[in-house]
Amino acid sequence: MKKKTILLTGTTGFIGHNFLKNALLKNFKIIDILRSRNTRNTKIKKIKKNYSNNYRTIYFSNYRQIQKKLKKINYDYFINFATLYKSNHKYDDIFGFIDSNILFPTLLYENIHLKAKKIINFGTMMQVANGKNYNSKNLYAASKNAFEMIENFYSNRASMSKFYNLKFYESFGENDNRPKLIPTILKNHKKNKSTKIISKKLELNIIHVNDITKAIMILLNNNIKPGSYCLKSQKNIKIYNLISSINKKITTKIKIKYNNNNFNKIKKSNLKKLPNWKPDVNLIKKIENEFLK
C-alpha cells in the first residue's frame with residue numbers, strides 16, 4: 001500500500017512538532033513548510049536524521065517563493081499548525097496576527113485547495129466566546145475567525161477536497177514550554193517562585209497533545225463530514241483542587257497567589273464534538289507527574 005504524504009506547517013511549534021514525530025512513527029511521508037531561519041533548528045535536524053527517507057522540508061525566505069515550490073510536489077493531506085497566539089495584544093502584535101494567522105495560510109490555501117484530499121486547520125474555542133459563533137474573545141481569536149471566512153471561500157471552490165477545523169480550549173503535554181498556565185506554574189515551581197492566578201474558582205478544559213494527534217488521525221483515516229468540530233474533555237479541571245492535590249505529594253510546595261477577580265466560566269457551545277473521538281490520556285495524572293519529576 002502506497003504511503004500517504006502529509007504537507008504540514010508549524011512543525012517547530014509544540015503541537016505541530018508532536019504530531020510530526022507521531023506521523024512519522026505511523027509511517028506517513030512528511031513534507032513541511034518552514035521559513036529559512038529554521039534551517040539550523042536542532043529538533044528538526046534530529047528528526048530528519050532518523051527519518052531521512054520519509055521526511056523533507058520546503059524552506060522559503062519570502063512569500064513569493066511559496067507558489068513556485070509547492071507546484072513541484074505532490075501530497076494527499078494538508079494540516080495547518082502554524083499560528084501566532086497571544087491572549088492579549090499590543091499595537092505591534094496586530095502585524096504578526098495578520099501575517100501568521102491570515103496572510104500565510106491564505107497564500108497556502110491558494111496553492112493547495114485543489115490538490116489536497118483533506119485539509120485540516122486549527123482554531124480555538126475562544127472563537128466562540130459565550131457559546132456564540134464568530135464571537136471572538138480576543139484579537140487572536142478574531143484573526144482565526146477572519147481566516148475561517150477566507151477558508152470558506154476556498155472550500156466552496158474545491159468540491160473534491162474536504163475541509164476541517166478543530167477547536168479546543170487548552171492543551172498540555174510533557175516538556176511544554178509555552179506561556180500557558182500549567183507550564184508557567186511548573187516553570188515557577190522549579191525556580192521556587194510564586195504564580196498569580198485570577199481566582200480560586202478558576203476552571204480550565206484541557207486536553208493532552210496526544211489526544212489532539214488522535215483526533216487528526218480520525219479525520220485522516222475515516223470518512224468524516226467536513227466542518228468544524230470541538231475537542232473537549234468531559235470535565236473541567238479546577239485549578240485550586242489540582243494544586244492542592246499536587247502539594248500533598250511533593251516536598252517543595254507550589255506557591256500560588258490567588259486573586260479575587262471575576263473570570264468567564266466556560267459556557268456550552270453548539271459546536272459538535274468530533275465523531276469517534278474522546279480523550280484517552282489521564283491529564284491530571286500527566287500534570288502531577290511533571291511536578292513529581
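When reading the values below, keep in mind they use all heavy atoms of this one structure, side chains included, and skip hydrogens, waters and symmetry mates.
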Are side-chain heavy atoms of [X] and [Y] found at a separation under 4.5 Å?
{"X": "Glu174", "Y": "Asn289", "answer": "no"}
{"X": "Tyr258", "Y": "Ile243", "answer": "yes"}
{"X": "Ser171", "Y": "Arg178", "answer": "yes"}
{"X": "Leu166", "Y": "Leu219", "answer": "yes"}
{"X": "Asn38", "Y": "Ile44", "answer": "no"}
{"X": "Ile182", "Y": "Ile237", "answer": "no"}
{"X": "Phe291", "Y": "Leu186", "answer": "yes"}
{"X": "Asn270", "Y": "Asn133", "answer": "yes"}

Connected via hydrophobic side-chain network under 4.5 Å: [X] and [Y]:
{"X": "Leu107", "Y": "Phe163", "value": "yes"}
{"X": "Tyr240", "Y": "Ile254", "value": "yes"}
{"X": "Ile112", "Y": "Ile102", "value": "yes"}
{"X": "Phe172", "Y": "Val209", "value": "no"}
{"X": "Phe81", "Y": "Ile33", "value": "no"}

Name the orientation class of the two ring planes belonging to Tyr77 and Phe28 (parallel below 30°, tilted from 30 to 60°, perpendicular beyond 60°). perpendicular
Closer than 3.5 angstrom, by distance alone: can the side chain of [X] be matched with the main-chain N or O of [Y] as a donor-acceptor pair?
{"X": "Ser143", "Y": "Tyr140", "answer": "yes"}
{"X": "Asn138", "Y": "Asn88", "answer": "no"}
{"X": "Asp99", "Y": "Phe95", "answer": "no"}
{"X": "Lys117", "Y": "Asp76", "answer": "no"}
{"X": "His189", "Y": "Thr252", "answer": "yes"}
{"X": "Tyr51", "Y": "Ile30", "answer": "no"}
{"X": "Ser61", "Y": "Ser36", "answer": "no"}
{"X": "Lys286", "Y": "His208", "answer": "no"}
{"X": "Asn22", "Y": "Asn18", "answer": "no"}
{"X": "Arg157", "Y": "His113", "answer": "no"}

Once you round to the nearest 0.5 Å, how far does [atom1] of [X] lie from [atom2] of [Y]?
{"X": "Asn205", "Y": "Asn236", "atom1": "CG", "atom2": "CG", "value": "5.0 Å"}
{"X": "Asn192", "Y": "Lys255", "atom1": "CG", "atom2": "NZ", "value": "3.5 Å"}
{"X": "Ile6", "Y": "Thr11", "atom1": "CD1", "atom2": "OG1", "value": "12.0 Å"}
{"X": "Asn259", "Y": "Leu202", "atom1": "CG", "atom2": "CG", "value": "11.0 Å"}
{"X": "Leu139", "Y": "His89", "atom1": "CG", "atom2": "NE2", "value": "4.5 Å"}
{"X": "Leu283", "Y": "Ile207", "atom1": "CG", "atom2": "CD1", "value": "9.0 Å"}

Would you give me the side-chain donor-acceptor pairs under 3.5 Å for residues 273-281, sequence neighbours excluded?
| unit_1 | atom_1 | unit_2 | atom_2 | d |
| --- | --- | --- | --- | --- |
| Trp277 | NE1 | Asp211 | O | 2.9 |
| Asp280 | OD1 | Lys214 | NZ | 3.2 |
| Asp280 | OD2 | Lys214 | NZ | 2.8 |

Checking side-chain contact (heavy atoms from CB on, under 4.5 Å) for the pair Ile47/Leu24: CA distance, chi angles, key distance, verdict? CA-CA 9 Å; Ile47 297 177; Leu24 287 167; 3.4 Å; yes
Please check if atom [atom1] in [X] has more than 12 non-hydrogen atoms from other residues, nucleotides or ligands closer than 6.0 Å.
{"X": "Lys29", "atom1": "NZ", "answer": "no"}
{"X": "Asn62", "atom1": "CG", "answer": "yes"}
{"X": "Lys180", "atom1": "NZ", "answer": "yes"}

His17: ring-ring contact (aromatic ring centres under 6.0 Å, His included) partners, not counting sequence neighbours: none
Determine the minimum heavy-atom distance between [X] and [Y], stating which atoms define it.
{"X": "Asn175", "Y": "Phe14", "result": "O-CE1, 3.8 Å"}
{"X": "Met217", "Y": "Phe19", "result": "CE-CE1, 3.7 Å"}
{"X": "Leu231", "Y": "Phe168", "result": "O-CB, 3.3 Å"}

side-chain contact (heavy atoms from CB on, under 4.5 Å) between Ser199 and Asn261, intermediate numbers included: CA-CA 6 Å; Ser199 169; Asn261 299 341; 5.7 Å; no
Check: Asp32/Thr57 side-chain N/O donor and acceptor closer than 3.5 Å: yes
Going by atom types only, do Thr195 and Asn188 share a side-chain donor-acceptor pair under 3.5 Å? yes
Side-chain ion pair, Asp92 and Lys90, N-O less than 4.0 Å: no
Thr83: which of Asn101, Thr9, Asn121, Ile15 passes side-chain contact (heavy atoms from CB on, under 4.5 Å): Asn101
Does the side-chain contact (heavy atoms from CB on, under 4.5 Å) test come out yes or no for Leu181 and Ile197, once each step is laid out? CA-CA 9 Å; Leu181 182 60; Ile197 293 182; 4.2 Å; yes
Partners of Lys68 by side chain to side chain contact (heavy atoms under 4.5 Å, CB included), sequence neighbours excluded? Lys72
The side chain to side chain contact (heavy atoms under 4.5 Å, CB included) partners of Ile58 (sequence neighbours excluded) come to Ile31, Lys69, Leu70, Ile73
Please list all pairs meeting salt bridge (Lys or Arg N to Asp or Glu O under 4.0 Å) that have one or both residues in residues 190-201, counting only residues at least two apart or in different chains. none
Please lay out, stage by stage, how Ile224 and Lys162 fare under the test side-chain contact (heavy atoms from CB on, under 4.5 Å). CA-CA 9 Å; Ile224 304 293; Lys162 294 182 178 181; over 6 Å; no
Tell me if the aromatic rings of Phe104 and Phe60 count as close, with their centers under 6.0 Å from one another. yes
Both conditions, 6.0 Å and 45 degrees, for the charged tip of Lys115 above the ring of Phe78: are they met here? no
Would you tabulate the side-chain donor-acceptor contacts of residues 145-154 under 3.5 Å, counting partners in other chains and residues two or more places apart, or write 'none'?
| unit_1 | atom_1 | unit_2 | atom_2 | d |
| --- | --- | --- | --- | --- |
| Asn145 | OD1 | Gln127 | NE2 | 2.8 |
| Asn145 | ND2 | Gln127 | O | 3.3 |
| Asn145 | ND2 | Ser136 | OG | 2.9 |
| Glu148 | OE1 | Lys167 | NZ | 3.4 |
| Glu148 | OE2 | Gln127 | NE2 | 3.0 |
| Glu148 | OE2 | Lys167 | NZ | 3.0 |
| Glu151 | OE1 | Asn165 | ND2 | 2.7 |
| Glu151 | OE2 | Tyr109 | OH | 3.1 |
| Tyr154 | OH | Glu110 | OE1 | 2.6 |

